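These numbers come from a predicted model, not from an experiment. Chain identifiers are assigned alphabetically (A, B, ...) following the order of the sequence lines, protein sequences preceding nucleic acid strands; residue numbering begins at 1 within each chain.
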Amino acid sequence: MTDEKDLIRDDIEAYLAKYRKKELLRFVSVGSVDDGKSTLIGRILYDTGMVFEDQMAAVRAASQTEEPDLALLTDGLKAEREQGITIDVAYRYFATDKRKFIIADTPGHIQYTRNMVTGASTADVALILIDARHGVLQQSRRHAYIASLLGIPHLAVCVNKMDLREYSQKVYEEISADFMEFGKTLRFKDIQFFPVSALVGDNVVSDSENTPWYDGPNVLGYLETVPVFEDRNFADFRYPVQYVIRPDLDYRGFAAEVAAGVIAKGDDVISLPTGKASKVKAIDTYDGELDEAFAGQSVTIRLEDEIDISRGDMIVKPDNLPRVTRRFDAHLVWMHERPLDTEKAYLVKHTTQTVRAQIDKIYCEIDMDTLEERVTDGIALNDIARVRLSCHRALYVDDYQRNRETGAFIVIDSLTNNTVAAGMISLEGADQDIGEVMKELHAESAMEPKTFVSNTERMERFGQRGATVWLQGLPGSGRWTLAYALERRLFDDGRTATVVNPVGEDLRSMISAAKAVTDAGLINICAFPSPTRTDRDKLKARIGEDRVIQVYVNTDEALCRERRPDADFSKFEAPEDPDITVALDEMRIDKAVEIIMEALRERGQFED
Amino acid sequence: MQVNARKLSQLRQLEAESIQIIREAAAEFDKPVMMYSVGKDSSVMLRLAEKAFAPGPLPFPLLHVDTTWKFQDMYRYRDTIEATVKADLIKYTNAEGVAMGMNPFDFGSKKYTDIMKTEALKQALTKHEFDCAFGGARRDEEKSRAKERIFSFRDSHHQWDPKNQRPELWNVFNAKIKKGENVRVFPLSNWTELDVWLYVWLEDIPVVPLYFAKERPVVERSGTWILVDDDRMRLEPGEEPQMKQVRFRTLGCYPLSGAVESTADTVPKVIQEMLLNRFSERQGRLIDFDEEGSMEVKKREGYF
């Protein structure tokens, strides 16, 4: 640090020339409240001189101890300070003379999955702490598992609080071996262990004299040198078009960040979904044309031919195609209090495309205690599961472990617009050629016809459950009058209801119509004659017993006969177990309506 | 060390990421606007936007919330930008505030900022029905910003709820909102103050001269130098303006922004001074000292 300071003082331009060439490293630090993670980050910031004097003064003032409590440096929002825990991901920045660092600091308490996944999504390195007094706990395995699932290439394991274990080599080696046993089943490029004391500062930013038996790098030394630029995928060119730049008729450029691979002027490309081929005419930037662009650069590409390309399309190379598919498997991390609804159509945002999709199959969830797969029928907050997605339109995807950019997606609830899940695509099988890709794209219009709106969504939209209120009774009992009065009452109550009354249809068509309206989430009121028990059994079987409310309009028969002298009264069989019975010779219509309303409320027909 | 041509420096990586963010918001929202505060961060953000859509014009206007109490240098600089930038520049002032005679002398910094900045911004966004506003805030500026999202959701009252923010993963941003809601987008989230200055230097981005040291008439208040910028400045009894070599680390409204004594009159010298001083940037801005966690409170209310 002092060398840097001298350079800043003596030759600022030389310092800046050096600084501008620095590389960026993002790491995520994970751990629980007690294992000293905040202290470690505070120690790194403090020892690298990244802490301002006024910040340090505040920390000294707030510390309960004589020594400043460095954990307070990474302290967050006011509400969290009051609760004594961090509740989200906080980003910190520091630089050394070798690299600039972005730390995603995530808490290790109960919400850890959601927060850690967020912080881990962009990280190059995961930094995990193990308390030397407790050894490898399940929690450490869990954190390593998530880091691996999120495709973080490098893992740094700090065996912390070595000062409380007399800097014992044996303790360190046992913990390392224990962890490695598990770590080798994961997908890291490398795993590095460090014996540290964040509190004292051993092996954090400088080598410690307390661990003469350790000859590896210190934590900061490792972070400064671990090679990360090769972690990007430079093999598979993927260019998800973000924006079409058309200032005038002569210029048409396709703007995007190169998601993966390399593209050069003159390269053959094709565009998905059209499959049209062309060549790269120019790679433009504000600062001039480039001969070549590579993963991570934001550029604008012009093509030799005028082909129709818009946002959401992907430019790729003809001999290296992504998987083009509407259906794929993925690991899903659920991030919202409201659990997954497998019937509902969510929005899936993948690169620059947003499509409707259903998560229609849950293969299994990951048991976060054993990290083994187990059967489940639902996914809730902080669950990780393996699922299948069926999209309305084809996406251009890669396996997440091969390409983070085109293997990742988020799931958005289309009613609330919340981000409810994060997904990592897993693909099996051989790559496709262009013939197979085009076949898949043409198959879109031949999708099996089915609804993308779930019952739960309908319920949320209408504030009610779909149902059929079936009025039964003798001819002249006042069924229809009651039906329309009830419709009006429901409507006034803010409900969505209708009287289904197609003239001249038979009972079978009538039941079909009633079912369709009920499926749509409406309250269907029906007074169509259904005199026999067999009729009513058919009706219940078809619509579903729990969705039919039978109302027996038990008006005095003599009155009915008087009203409808010509009607056939012989067929009518009184219902055996109606849900509600009303008698219109004894009460006014309004009263009957209120009785039915009350019964509907009691059945939980309405949301509120 | 192996030299590889396909390796981005951290600054070029930040640049590419910011361009991706700006393009994404421009594509997904119906009516975005870029907040233009005339400061160095705004200037860098504007350059990034120009880079994102070159050779085309910006697909959104700039919005300058004019409190009428900006430094005269800032107005001059803004007018130069307006004349050259390939975008519309909307100027908005809270007319009710002006009618009330709102000024930072009689009303105190909190009330003044509420009405002339926070309220004015809300009014402008509502009036033009903007559903997305780019801001130049950075996460390293202040503790409560460390966990701010890049796409920061605001409800229909423009309020920010730290407990109700959407998780943000990779560079896949959720831009879905309902009518009346809006999103603040911060393309410079991952930049540090040093990065911003370095970019100003490398890209030769013009900034307001107040950032550079010069002899200026000032008075001392609460341990900081207050510029006597024009004849609206009210002097306390016994106060006598004196000439001092000063510059501003952040620009806001006078007399709320304090100057520091300095000899740094070039960008490298400013960076040098900043690194050697190691003082938190916002120390020169009086509004942050109103109360504990005050930036967080302001954010909930809708200030950036």
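For chain B, the nearby parts of A:Val117 are the backbone and the side chain; heavy atoms of each come within less than 4.5 Å. There is no contact between A:Arg246 and chain B, counting heavy-atom distances below 4.5 Å. For A:Ile103, no part sits under 4.5 Å from any heavy atom of chain B, backbone or side chain. With a 4.5 angstrom heavy-atom cutoff, A:Lys21 touches chain B only via backbone atoms. Neither the backbone nor the side chain of B:Ala175 has a heavy atom closer than 4.5 Å to any heavy atom of chain A. For a residue to count as touching a neighbouring chain, one of its non-hydrogen atoms must lie under 4.5 Å from one of that chain's; by this rule B:Gln272 touches chain A with backbone and side chain alike. Looking at B:Trp197, neither its backbone nor its side chain comes within 4.5 Å of chain A, counting heavy atoms on both sides. Proximity to chain B (any heavy atom under 4.5 Å) is restricted, for A:Leu347, to the side chain, taken from C-beta onward. Only the side chain of A:Asp287 has a heavy atom closer than 4.5 Å to any heavy atom of chain B. Only the side chain of B:Glu203 comes within less than 4.5 Å of a heavy atom of chain A; its backbone N, CA, C and O stay farther away. Heavy atoms of A:Thr354 lying under 4.5 Å from chain B belong exclusively to its side chain. Only the backbone of B:Ser189 comes within contact range of chain A, with at least one heavy atom under 4.5 Å from a heavy atom of that chain. For A:Ala120, no part lies under 4.5 angstrom from a heavy atom of chain B. Heavy atoms closer than 4.5 Å to chain B are found in the backbone of A:Phe409, but not in its side chain.
Heavy-atom minimum distance, A:Glu23 versus B:Gln10: C-CB, 3.8 Å. Summarising the geometry of B:Ala52 relative to A:Ile245, their closest heavy-atom pair is O-CD1, 3.6 Å, with the distance given to 0.1 Å. Of all heavy-atom pairs between B:Trp201 and A:Glu13, the closest is CZ2-OE1, 3.6 Å. Among all heavy-atom pairs drawn from A:Ile410 and B:Phe173, the shortest one is CD1-C, 4.4 Å. Between B:Trp170 and A:Thr122, the closest heavy-atom pair is CA-CG2, 3.7 Å. When every heavy atom of B:Pro55 is checked against every heavy atom of A:Pro247, the shortest pair comes out as CG-CG, 4.3 Å.
Counting non-hydrogen atoms of neighbouring residues, nucleotides and ligands closer than 6.0 angstrom, the CG atom of B:Asp265 exceeds 12 such neighbours. The number of heavy-atom neighbours closer than 6.0 Å to CG of B:Asp204, taken from other residues, nucleotides and ligands shown, is 12 or below.
Ion pairing between A:Arg26 and B:Glu17 holds under the 4.0 Å rule for side-chain N and carboxylate O. Comment: B:Glu24 engages A:Arg311 in a salt bridge, judged by a side-chain N to carboxylate O separation of less than 4.0 angstrom.
Side-chain contact between A:Asn417 and B:Arg166 is present, with at least one heavy-atom pair separated by less than 4.5 Å. Residues A:Ile102 and B:Arg139 have side chains not in contact (no heavy-atom distance under 4.5 Å, counting atoms from C-beta outward). Two residues are said to be in side-chain contact when any heavy atoms from C-beta on lie closer than 4.5 Å; B:Leu8 and A:Phe294 meet this criterion. The closest side-chain heavy-atom distance from A:His350 to B:Val172 is not below 4.5 Å.
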- request: Please report the C-alpha distance between A:Asn418 and B:Lys176 in whole Å, then the side-chain angles of each, then the deciding distance to 0.1 Å, and finally whether the side-chain contact (heavy atoms from CB on, under 4.5 Å) criterion is met.
  value: CA-CA 8 Å; A:Asn418 276 318; B:Lys176 295 278 170 211; over 6 Å; no
| Worked check of side-chain contact (heavy atoms from CB on, under 4.5 Å) between B:Asp140 and A:Arg92 | CA-CA 7 Å; B:Asp140 80 326; A:Arg92 328 252 168 223; over 6 Å; no
Take A:Val262 and B:Arg6, measure what side-chain contact (heavy atoms from CB on, under 4.5 Å) needs, and give me the verdict at the end.
CA-CA 9 Å; A:Val262 180; B:Arg6 288 175 189 159; 3.7 Å; yes
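Contacts with chain B were tallied for A:Tyr251, A:Tyr93, A:Tyr15; A:Tyr93 has the most, counting heavy-atom pairs under 4.5 Å. When A:Asp248, A:Thr416, A:Ile412 are compared by the number of non-hydrogen pairs under 4.5 Å with chain B, A:Ile412 comes out ahead. The choice from B:Asn171, B:Leu198, B:Ile271, B:Val267 that makes the most heavy-atom pairs within less than 4.5 Å of chain A is B:Leu198. Most heavy-atom pairs under 4.5 Å with chain A, from the set B:Arg12, B:Arg47, B:Glu15: that is B:Arg47. Options A:Lys349, A:Glu405, A:Lys22, A:Met335 differ in how many heavy-atom pairs under 4.5 Å they form with chain B, and the most are formed by A:Lys349. In terms of non-hydrogen atom pairs under 4.5 Å with chain A, the most contact-rich of B:Gly56, B:Ala54, B:Pro167 is B:Pro167. Highest contact tally toward chain A, considering only B:Leu169, B:Leu194, B:Asp195, is held by B:Leu169 [criterion: heavy-atom pairs under 4.5 Å].
Between B:Asn190 and A:Tyr91, the side chains place no donor N or O within less than 3.5 Å of an acceptor N or O (distance only, hydrogens not considered).
A cation-pi contact, defined as under 6.0 Å to the ring centre and within 45° of the axis, is absent between B:Arg23 and A:Tyr243.
Within the 3.5 Å criterion, the main-chain N or O of A:Arg20 finds a donor-acceptor partner in the side chain of B:Ser9.
Rounded to the nearest 0.5 angstrom, B:Thr266 OG1 and A:Ile12 CD1 are separated by 9.0 Å. For the atom pair A:Tyr19 OH and B:Leu202 CG, the distance stands at 11.0 Å (nearest 0.5 Å). The structure places NZ of B:Lys7 at 12.5 Å from CZ of A:Arg232, a figure rounded to the nearest 0.5 Å.
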